[in-house]
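Let me begin by presenting the structure, written as C-alpha cells, before commenting on it.
What you see below is based on every heavy atom in this structure, not just the backbone, and it leaves out hydrogens, waters and symmetry mates. Per chain, numbering begins at 1; letters A, B, ... match sequence-line order.
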Amino acid sequence: MLTIPFIRANSEVTIQGLTKKHVANATEIVNQLLSMDDDRKALLQQAEALLEKSNAAAKEIGALMQSGQKELAEGKRSETAALKSTIKEREEAAKLAEKAMLDLLVTLPNLPHSSVPQGKTAEDNEITFTWGTIPVLDADAQPHWDLIKKYDIIDFDLGNKITGAGFPVYKGKGARLQRALINFFLDEAIQAGYYEIQPPILINEDSGFGTGQLPDKEGQMYVTKEEGLYLIPTAEVPITNLYRDVIVNEKELPIKNVGHTPCFRREAGSWGAHVRGLNRLHQFDKIEIVQIQKPENSYAALEEMSQHVQGILQKLGLHYRVLRLCGGDMGFASALTYDMEVWSGAQNRWLEVSSVSNFETFQANRLKLRTKIDGKSILCHTLNGSALALPRIVAAILENNQGPDGIKLPEVLVPYTGFTHIS
RNA sequence: AGAGGGGUGUCCGAGUGGUUUAAGGAGCACGCUUGGAAAGCGUGUGUAGGUCUCAAGCUUACCGAGGGUUCGAAUCCCUUCCCCUCUACCA
C-alpha cells in the first residue's frame, strides 16, 4: 500500500507510476485520494477538539465531586452530556472518511521502479540474460505428461479420484525426486545464508492483507469453511507476516528466511496445452526466499537473490533466461520483478520457474513492519523469490534429459535421490 | 471440547469508576560522582494520528482485539482472540 504522505509529496511521480502499471484515470484517483484525506483530517480535528473539551469537563467534575461540591458537579455533568452525541457523530464521520480513503488506497498497485520497461503484456518483457543452449533431443522426444506415464512416476488420474484436477500424486522415483529437489533447494539457500522456517500453511485474514492477497484476490485462494482460514498460495505469505506489527532492531537487518511449503492456487480458468501436465497445478511445492532489508540495500539484495536462483538453475544444467517484467505484466505489490524461465525441450517453449521481486515499502506499510534508524521509525523493504518452484523444474528435467536409457538426472541431485536414472 | 484462572509499557509488576498525567522495580541512554569501574545520585526512556516550514510545544487514541454503559473506564457489561491449570480426546 502506498502512503498518503508520499502521494501528497510526489503526486506527479505517483500518477506516472500508476499509469505505467495501467491504472486507468490515475490523475483522478490521486486527486480524489488527497481530497478524501483532507476530509478525513478536517473531521478528525473537529472530533478531537470536542473530545478535548469533554475530557477537561470530566476532569473538573471529578475534582468537584472530590471536594464535595455536588451541585456544581451536577450542573457541569448535564452540560457535557450534551456534547456526547456530537462527538460520537463526528468520530463516526471521521472513521467513515478514513475507511473510504483506505478502501480506495488499497486498490492501488505499487509504483514500478524506474528501470521497469513500458508495456502491457508478456511480449513486452525485457530479456536481460540467457544461459545455456537448447538441448538437442531425438525426434521422438516426448512431453513430460507422456513421460510421467511411461515411467509411472506422477499420476493425475489418482489425484483426480481422491481430490480433483490439478492435484497430482507423486509415486516411487517421482516422489523421491520431489523430496530430493526440496532438500537440494533448501540446502542451497541455507548455504547462501538463509534461515529455515517451517510456517503454517493456513493463514488468517490479517496475514492475507499484509502481503497483498486480500482484499480482491480471495478468489485465487482456498478457504476453510468453518474458520475462514486461507490455504497459502505461497510461503511468502506466512514468512513475511512473521514480521507484521514488528519494529525490527536495525542490527538484525537484513533478515533472510527460507521455507518450503506446499502452495495452493485455485487458478480458475483456462485449459489447453499451456496448462497441461505439470505446467499449472492447484497444489505444488515451492521453496521461497524472503528478505527484509534497509531501503538503501534492497536493490542490491534483489540482484543477489536473482543470482542465487540462477546459480541453482546452472547447477541443474537447465537452459534459462531472465526477464525484467514490464509494467503491465508485473504483480500488484511489486516495484521490480525478475522472472526466470527454463526451456522445456519437448514443449518447445519457456516455462516460468521463479519470480523474484522487490516490494520496497508496499508490503511493509500494510504489515506495519518498521525499523528505527537514528531514532526515527521507517518502513523496511521486503523482497521475495521462488528458489524454486518444483513442478516446472521437474517438467524441464524430464523433457530435457530424456534418452534411450531413460531420464538422466543432473549430477547435483544424485546424492539426494540415490539414483542416477528414471527408467 | 467442558470447567476454572489469566492477558497492563522493553521486562517484572501494582492498580475493582475520578490528582493514574498507568505506582514501584529492573533494563536501557545520557549526565554527575570516580584514577578507572561498580555502587550511589539526577534526568530521560513507547506507538500512531492531528496542529506546526522544522524542532519544541500543544492535542487525540492506544492496558490482547472490537463494541457498549458513564460527565468520566485499565477498572463495569457484551462479543471475540490468545495463554495457563484440570478433565476429555488425540499423533
Side-chain angles (χ1 to χ4, degrees), chain A residues 1-10 33-106 198-210 214-215 223-230 238 241-253 361 363-380:
Chain A
M1 179 164 73
L2 302 173
T3 68
I4 290 289
F6 177 89
I7 296 174
R8 199 173 280 286
N10 306 279
L33 217 41
L34 292 179
S35 93
M36 285 167 115
D37 188 50
D38 290 338
D39 294 346
R40 186 201 118 239
K41 278 190 202 170
L43 289 164
L44 194 66
Q45 279 170 38
Q46 289 172 25
E48 288 190 351
L50 292 171
L51 260 177
E52 189 180 349
K53 215 189 265 184
S54 139
N55 284 346
K59 208 174 277 184
E60 270 183 65
I61 292 168
L64 290 172
M65 297 284 267
Q66 291 258 310
S67 61
Q69 296 169 272
K70 276 213 152 162
E71 278 172 31
L72 276 174
E74 284 300 330
K76 269 275 172 200
R77 179 186 289 187
S78 56
E79 225 174 273
T80 89
L83 273 178
K84 277 188 76 173
S85 62
T86 323
I87 291 177
K88 202 167 189 179
E89 180 191 296
R90 293 297 152 82
E91 274 184 327
E92 261 160 32
K95 224 179 258 185
L96 279 177
E98 180 171 18
K99 187 175 183 308
M101 186 202 75
L102 282 176
D103 283 350
L104 179 58
L105 188 60
V106 297
Q198 262 191 40
I201 58 176
L202 273 72
I203 50 114
N204 59 30
E205 197 177 333
D206 285 345
S207 296
F209 178 82
L214 297 174
V223 192
T224 68
K225 197 171 179 181
E226 300 298 327
E227 300 81 5
L229 296 173
Y230 297 89
N241 271 281
L242 257 21
Y243 301 90
R244 172 151 50 79
D245 291 316
V246 170
I247 300 180
V248 185
N249 192 321
E250 187 187 355
K251 282 178 251 167
E252 288 167 35
L253 295 174
T361 61
Q363 290 182 330
N365 187 33
R366 290 174 161 234
L367 294 160
K368 297 194 175 62
L369 162 54
R370 291 156 294 180
T371 187
K372 258 192 179 169
I373 292 178
D374 299 329
K376 269 188 128 177
S377 88
I378 59 158
L379 293 169
C380 297

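Rounded to a whole Å, the CG atom of Asp245(A) is 11 Å from the C1' atom of rU47(B). In this structure, NZ of Lys88(A) is placed 17 Å from C1' of rA61(B), rounded to the nearest angstrom. If you take CG of Leu43(A) and P of rU51(B), they are 13 Å apart, rounded to a whole angstrom. A straight line from CD of Glu98(A) to P of rU60(B) spans 18 Å, rounded to a whole angstrom. Atom CE of Met1(A) and atom C1' of rA48(B) are 13 Å apart (whole Å). The CD atom of Glu250(A) sits 19 Å away from the P atom of rU10(B) (whole-angstrom rounding). Between the CD atom of Gln45(A) and the C1' atom of rG50(B) there is a distance of 6 Å, given to the nearest Å. At whole-Å resolution of the value, CD in Glu205(A) and P in rC81(B) are 14 Å apart.
Using the Watson-Crick or G-U wobble rule with both distances under 3.5 Å, rG46(B) pairs with rC62(B). Under the Watson-Crick or G-U wobble criterion, with both distances below 3.5 Å, rA39(B) is left unpaired in every strand shown. Remark: rC52(B) base-pairs with no nucleotide; criterion is Watson-Crick or G-U wobble with both hydrogen-bond distances under 3.5 Å. Across every strand in view, rG18(B) sits in a pair with rC71(B) that passes the Watson-Crick or G-U test at under 3.5 angstrom. Summarising the base pairing, rU10(B) is matched to rA26(B) through a Watson-Crick or G-U wobble pair whose two defining distances lie under 3.5 Å. The base-pairing partner of rU34(B), taking Watson-Crick or G-U wobble contacts with both distances under 3.5 Å, does not exist among the strands shown. Pairing for rG4(B) is with rC84(B), a Watson-Crick or G-U wobble pair whose two hydrogen-bonding atom distances lie under 3.5 Å.
For the C1' atoms, the distance linking rG64(B) with rU75(B) amounts to 16 Å, nearest Å. A distance of about 34 Å separates the P atoms of rG6(B) and rA91(B), rounded to the whole Å. Of the C1' atoms belonging to rG24(B) and rG31(B), the separation is 24 Å, rounded to the nearest Å. Atom name P, nucleotides rC77(B) and rG18(B): the rounded distance is 16 Å, in whole Å. Remark: the separation of the P atoms in rG2(B) and rC11(B) is 32 Å, to the nearest Å. Using P as the reference atom, rG50(B) and rA55(B) are 13 Å apart when rounded to the nearest Å. For the C1' atoms, the distance linking rG13(B) with rG25(B) amounts to 8 Å, nearest Å. With both ends at atom P, the span from rA3(B) to rU79(B) equals 13 Å, rounded to whole Å.
Shown for residues 50-60 of chain A: residues whose heavy atoms fall under 4.0 angstrom of RNA chain B, namely Leu51(A), Glu52(A), Asn55(A), Ala58(A).
Within the 4.5 Å cutoff, no side-chain heavy atoms of Lys95(A) are placed close to those of Glu91(A). Between Leu105(A) and Ile7(A) the shortest side-chain heavy-atom distance falls below 4.5 Å. Looking only at side-chain heavy atoms (C-beta outward), Leu379(A) and Thr3(A) come within less than 4.5 Å of each other. For the pair Glu227(A)/Leu202(A), no side-chain contact is recorded, criterion being any heavy-atom separation below 4.5 Å from C-beta on. With a 4.5 Å cut-off on side-chain heavy atoms, Glu98(A) and Leu43(A) do not count as touching. At a threshold of 4.5 Å between non-hydrogen side-chain atoms, the residues Tyr230(A) and Leu214(A) count as touching.
At least one side-chain nitrogen or oxygen of Lys95(A) sits closer than 4.0 Å to the OP1 or OP2 atom of rG67(B). Taking 4.0 angstrom as the limit, Thr80(A) places none of its side-chain polar atoms (N or O) nearer than this to OP1 or OP2 of rU70(B). Contact annotation: Lys41(A) side-chain N/O to rG49(B) OP1/OP2 distance is not under 4.0 Å. For the OP1/OP2 pair of rU47(B) and a distance below 4.0 Å, the side-chain nitrogens and oxygens of Lys368(A) include no atom meeting the criterion.
Between Gln46(A) and the choices Glu89(A), Arg90(A), Lys41(A), the side chain to side chain donor-acceptor pair (under 3.5 Å) rule is met once, by Arg90(A).
Closest-nucleotide positions on RNA chain B for Leu44(A) and Ser78(A) were compared, and the one nearer the 5' end corresponds to Leu44(A). Between Arg370(A) and Ala81(A), the residue whose closest nucleotide on RNA chain B is further toward the 5' end is Arg370(A).
More than 12 heavy atoms of other residues, nucleotides or ligands sit less than 6.0 Å from atom CD of Glu250(A).
Here the nucleotide nearest the side chain of Ile247(A), chosen from rU47(B), rG18(B), rG49(B), is rU47(B). Residue Lys84(A) has its side chain nearest to rU70(B) when only rU60(B), rA48(B), rU70(B) are considered.
At a threshold of 4.0 angstrom between heavy atoms, the contacts of Arg90(A) with the nucleic acid are absent.
At a cut-off of 3.5 Å, with distance as the only test, no side-chain donor of Ser35(A) or Asp38(A) sits close to an acceptor on the other residue.
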Open item on the list: Assess the residue pair Val248(A) and Leu369(A) against the criterion (side-chain contact (heavy atoms from CB on, under 4.5 Å)); give the C-alpha distance rounded to whole Å, side-chain angles, the decisive distance to 0.1 Å, and a yes or no.
Closed with: CA-CA 7 Å; Val248(A) 185; Leu369(A) 162 54; 3.5 Å; yes
